[in-house]
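These numbers come from a predicted model, not from an experiment. Chain letters run A, B, ... following the sequence lines, proteins first, then strands; residues in each count from 1. Just the heavy atoms: all of them, side chains too, but no hydrogens, waters or symmetry mates, feed the values below.
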Amino acid sequence: MRAVAGEAPASGLLAGLNSPQQEAVTHGDGPLLILAGPGSGKTRVITRRIAWLVLERGVRPGEILAITFTNKAAGEMRDRVLAMLPSRGLWIGTFHGMCARILRSEIELLNGPESTGTGAYTRDFTIYDTSDRNELIRKLLKEANYDAARFKPSMVGAWISAWKNQARGAGVQEAQPEDGEGIEHEVLVRVRRLYEAAMRANNALDFDDLLLKVLELFEHRPGVRDAYASRFRHVLVDEYQDTNRVQYLLTRHLSSFHGNLAVCGDPDQSIYAWRGADIRNILDFERDFGAAAVVRLEQNYRSTGNILAAAQAVIQRNRARKEKRIWTSAAEGPKVAVLRSSDENEEARAIAEEIRGRIAAGRSPDEFAVFYRVNFMQRAIESAMRLAGVPYQVVGGLEFYARREIRDLIAYLKLVVNPSDEIAFRRAVNTPQRGVGEKSLDAIARWAADRRTSLLAAARSEEGLALVRGRARAGLAAFAGLMERLAPLADAPAAVAMAQLVDEIDYAAWMAQMDDESGVDREANVEELLAHAAEYDRRAEAAPGEDRAAGGLRGFLQDVALVSDVDGMEEGAPRATLMTLHSAKGLEFPTVFIAGVEEELLPHVRSLIEAEGPDPDAGVEEERRLFYVGITRAKERLVLTHARTRLHFGQESFRSPSRFLAELPPGVVEGGGTDEDPDEEEPGEEEVLGAYEPGPVSVQLKVGDRVEHDHFGRGTVERLQGSGVNARATVRFVSAGERQLLLQYARLRRLGEGGR
DNA sequence: AAATCCGCGTTTTTT
DNA sequence: ACGCGGATTT
């Protein structure tokens, strides 16, 4: 297949690509920036490029590093590359996955020469998720006698994390732009110190540490950095607009040897500023990496004309933006539907019913997706789907791995692999109950801390055990004995370890006893966990050393820590997908519903509050990008829904339609009031809907327009807020100053360009 | 040390 | 409304 006319493989790789796409695929050496609009075939370009490098440039797969944003994206990319070539040795994964892998072999280099034995990192380190982190911080705060009410662990943790994301050290000198809300800077600095020390003692790393430690490694050990940098002849980073400072620096290091860095992204889809993503990384790429080639992918192959027009109109409202034109040659397709319901259950029901109807008409369930801004909206939608009999799956959200029984078992396994893990110890030691209470734990914890050893070691030693009496002592001894027996499992395959653990601690009995009416199928969850472990083993077997660290229990635990959304489970019948707008990035579906397109929900309240700072609109603009991301996932049909009232904190709250609805161009929108209960509707409400319907003046107003008012005279539109009844414009009048006007009442006339 | 009760915050978004 | 952590009982 390769012999024909030399060019054959290349033309195969380039088949069906437009010219900028081809340019990106066949870019040779040096930095490359791919600005890729939604649906522009970005993934295709990246995967083809990898194949092209291997097949045409003779690059070995092991010399290529491809970094994606999520595990899901990584898996997809791997599959697609695998379909084109044997990609053995290729590194594809997230920043976190890659760093964990590097640290598995290099972390011991981070222990200073003086550190001896205890308090040192080993390759068996465990990864703490956010709740592990918070638990540890809670403990530290308590030990340091801080008021638990004032210093909430999650708050403190979030601030520490924010620091780390900006690559700030633990030094006191490094002032932060802001202290935590109501938390003094010195407190944060102190707690962070304690935290770092405790993490080291526990041989544990949190998500931020994974990146930061590798950065530290690269900076303190140029030899190590060069080893990796020279190994990777080509580095590709996807979703570059969402990288933070640390990731940027890592990228620099990794590409420092060969200089072959290709990044791909879209500033309009930057939706992670809240967790430290810095959009400047992509905006400044050309400057940072001199002489970068720039390719723009602007043709959209995904969505119909109407959907794209809606997307384009919305995103153009952002001021902080580089103009980019996305276009399509596809047909206009159906109009974008806007659906109003009386409350969140009606909304959910309307969505589920519509999906059910279309399935009945022959569509497949997996053609449908429902997006929402916040996780709590999942509930109503889920129950409506169940009621309507629509098969569905929830991506991310309330984690499988967050469940009690799952966390219990994982804690045991973590402890088996890493006996220093105090958080795991504390969790495991008393489930099932062994009569070991806090007093006893504190006693041996102090003993252990004095000797710079672990709780488990304390529980094993005569001396440590002597500190407690009675039931607690027996319990500790029993636990230590149990862990002794379990120790060999550290080197077993994940499923074997898991099964033996469940057996040893008689977890079935424990669950049965624990089963206090709540009726959750804990056993089913444990079964599922076992299945996951078995699946992991199977894959590790099939691709030894591919992307996963070690295989076995260690590898499994790492995967569990890093794969938060259960990305698998696609086997079986096709299902509709429920997820947050954030998780939706990078995906596409024939029909997309976006629920809760309401003020304070789609521009989320939190984004509205931060109305000061250098850019008061930054928050809303990020929300708008999020909306844009959601819209552009739809291939054929887009339905936007909102409710008039919604249960919030257990009580009814009245909602108004999102300002974003008013930004949709008149021509592409269909419907508006499809209330299930027309009787309830107050007369005249239809006009209110007009605020985002084609027609009334409000949709035609833009910031900057010159307008005339009967009473106030001429002025300029400064801001537009609200929608529906609440649609308001702030207008600066020539002689009457700044006024807020309710568009429903104010009769504003727009003046032609130049003020006719 | 375990069981029960009470009050409060929760709801951005994820690796 | 609900779950969790903390306080209060037993």
**Request:** Examine B/dT15: is either OP1 or OP2 under 4.0 Å from a nitrogen or oxygen in the side chain of A/T130? Give yes or no.
**Result:** no

**Prompt:** So what does A/N430 touch, heavy atoms closer than 4.0 Å: a base, only the sugar-phosphate, or nothing?
**Reply:** sugar-phosphate

**Fill in**
From the candidates B/dT15, B/dT14, B/dA1, the one with an atom nearest any side-chain atom of A/T94 is B/dT15

**Item:** Which nucleotide in B/dA1, B/dT15, B/dT11 has an atom nearest any side-chain atom of A/R606
**Value:** B/dT11

**Request:** Apply side-chain hydrogen bond (donor to acceptor under 3.5 Å, both in side chains) to A/R646 and list each qualifying residue two or more places apart in sequence or on a separate chain.
**Result:** A/E347, A/E598

**Prompt:** Of A/F649 and A/Y272, whose nearest nucleotide on DNA chain B comes first from the 5' end?
**Reply:** A/F649

**Asked** Just how far, in rounded Å, is P of B/dA2 from NZ of A/K439?
**Response** 13 Å

**Request:** Report the distance from atom NZ of A/K585 to atom C1' of B/dT13, rounded to the nearest whole Å.
**Result:** 11 Å

Would you tabulate the nitrogen or oxygen pairs shorter than 3.5 Å linking the protein to nucleotides 3-10 of chain C?
none

**Prompt:** Roughly how many Å is it from CZ in A/R473 to P in B/dA1, rounded to a whole number?
**Reply:** 14 Å

**Request:** May I ask you to check whether A/F556 and A/H532 place their ring centers less than 6.0 Å from one another?
**Result:** no

**Prompt:** Can you check whether A/T70 has a side-chain N or O nearer than 4.0 Å to OP1 or OP2 of B/dT15?
**Reply:** no

**Donor + acceptor pair across side chains of A/T431, A/R404 (<3.5 Å)** = no

**Request:** Give the rounded distance in Å between these two atoms: CZ of A/F207 and P of B/dT14.
**Result:** 12 Å

**Request:** Between B/dT14, B/dT11, B/dA2, spot the one nearest the side chain of A/Q433, thanks.
**Result:** B/dA2

**By side-chain hydrogen bond (donor to acceptor under 3.5 Å, both in side chains) - contacts of A/D209 (at least two apart)** = A/K164

**Request:** Using atom types as modelled and distance alone, determine if a side-chain donor or acceptor of A/N318 lies under 3.5 Å from a backbone N or O of A/A320.
**Result:** no

**Request:** Give the rounded distance in Å between these two atoms: CG of A/L562 and C1' of B/dT15.
**Result:** 7 Å

**Message:** Rounded to whole Å, how long is the line connecting atom CD1 of A/I160 with atom P of B/dT15?
**Reply:** 22 Å

**Request:** Answer yes or no for A/R554 and A/F125: cation-pi contact, defined as NZ/CZ to six-membered ring centre under 6.0 Å and angle to ring axis within 45°.
**Result:** no

**Complete:** Taking B/dT11, B/dT14, B/dT15 as options, the one with an atom nearest any side-chain atom of A/H648 is B/dT11

**Message:** Within the 4.0 Å heavy-atom criterion, would you say A/S440 contacts the bases, only the backbone, or no part of the nucleic acid?
**Reply:** sugar-phosphate

**Request:** Report yes or no: is the ring centroid of A/F95 under 5.5 Å from the six-membered base ring centroid of B/dT15, with the two planes under 30 degrees?
**Result:** no

**Asked** Would you call A/E382 and A/R379 a salt bridge, taking side-chain N to carboxylate O under 4.0 Å as the test?
**Response** no

**Message:** Side chain of A/K152, heavy atoms from C-beta onward: which of B/dT10, B/dT15, B/dT13 has the nearest atom to it?
**Reply:** B/dT10

**Asked** Side chains of A/R252 and A/Y248: donor-acceptor distance under 3.5 Å anywhere?
**Response** yes

**Message:** From CZ of A/R471 over to P of B/dA1, roughly how many Å is that when rounded to an integer?
**Reply:** 8 Å

**Request:** Round to a whole Å and report the spacing from CD of A/Q651 to C1' of B/dG9.
**Result:** 14 Å

**Message:** Check this one for me: any side-chain N or O of A/N375 less than 4.0 Å away from OP1 or OP2 of B/dT14?
**Reply:** yes

